[in-house]
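Below you'll find the structure, written out as structure tokens, and then a few comments.
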Amino acid sequence: MSEPREIRNLTLAGFMGVGKSSVGRLVATELRFEFVDTDELIESRTGVKITEIFARFGEPAFRKFECDLVVEMATWSGRVISTGGGLVVNPDNLASLKMHSLVACLWATPETVYQRTKHQTHRPLLQDPDPLGKIRTLLASREAAYKNCDVLVNTEQRSVKEIAAHVLHNFRAAVHQPPRM
Ligand code: S3P
């Protein structure tokens, strides 16, 4: 028999630039949970920046770090986990996260993502001659995976505070009555 779902953490998923970290920090404060960002954790543990991991070892090596971290997360409780935009695209990662957390996915249009990320350089996948085109293609290819999360939260025209309140509401409801996988 499979183990029952036990929601002890809150995971934020979604594309680059949708506001996972800002929302996550706010939600963590409200819940008095510890805030963890998977990219930051990978960087601090390896001592290598994400851009450099991609450049020196390739994307598959980065995905392996993410998968290893996901396995470790199964032992966590009382944490808000902000995930790198590609982490839940791997169905095994998403299934594992759902066992111990509510997975809320933040959503924004490609245009909004582009506006929010266009002056930043720390995301290797967006260092492209046509960043908006790349965002459109990547987001479309990930749409199905993002929709498999527990909650899909539209961030368009909403403040960080409003989004955080919405996520919190869903989390509190889920803790009382866990949604089915
Ligand atoms: C990635 C998103 C990034 C980071 C890496 C790959 C992705 O995290 O994990 O550059 O595949 O979408 P953010 O979503 O926090 O930018």
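Counting starts at 1 for both ligands and their atoms, in listed order. Given the structure is predicted, the values throughout are model-derived calculations rather than measurements. Throughout, residue positions are numbered sequentially from 1 according to the sequence presented.
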Mark up the atoms of ligand 1 that fall under 4.0 Å of a heavy atom belonging to Arg142, in ascending order. 7 (C), 11 (O), 12 (O)
Is the distance from the ring center of Phe57 to that of Phe65 below 6.0 Å? no
Just to verify, which of Val18, Leu139, Thr112 counts as forming a side-chain contact (heavy atoms from CB on, under 4.5 Å) with Trp107? Leu139
Here the atoms of ligand 1 under 4.0 Å from any heavy atom belonging to Pro124 are 10 (O)
So that I can tick it off, tell me whether Asp68 and Lys64 are bridged by a salt bridge, with the cut-off set at under 4.0 angstrom between side-chain N and carboxylate O. yes
Where on Gln120 is there a heavy atom closer than 4.0 Å to ligand 1, on the side chain, on the backbone, on both, or on neither? neither
So, applying salt bridge (Lys or Arg N to Asp or Glu O under 4.0 Å) with Glu40, which one of Arg45, Lys20, Lys49, Arg25 is it? Arg25
Between the side chains of Glu66 and Thr38, does any donor sit under 3.5 Å from an acceptor? no
What are the atoms of ligand 1, with element, lying closer than 4.0 Å to any heavy atom of Leu125? 7 (C), 11 (O)
So does Arg123 pair up with Asp128, basic N to acidic O under 4.0 Å? no
Against Cys105, only a single residue in Asn148, Leu152, Val151, Val88 fulfils side-chain contact (heavy atoms from CB on, under 4.5 Å); can you say which? Leu152
With heavy-atom distances below 4.0 Å as the criterion, list the atoms of ligand 1 near Asp39. 3 (C), 4 (C), 8 (O), 9 (O), 13 (P), 15 (O)
Can you tell me which residue and heavy atom of the protein come closest to atom 16 (O) of ligand 1, and the distance to 0.1 Å? Arg123 NE, 2.5 Å
For atom 1 (C) of ligand 1, what's the nearest protein heavy atom and its distance? Gly85 N, 3.9 Å
Region of Thr38 that comes within reach of ligand 1 [heavy atoms, distance under 4.0 Å]: neither
Go through ligand 1 atom by atom and flag the ones less than 4.0 Å from a non-hydrogen atom of Lys20. 13 (P), 14 (O), 15 (O)
Side chain, backbone, both or neither: Arg63 near ligand 1, heavy atoms under 4.0 Å: side chain
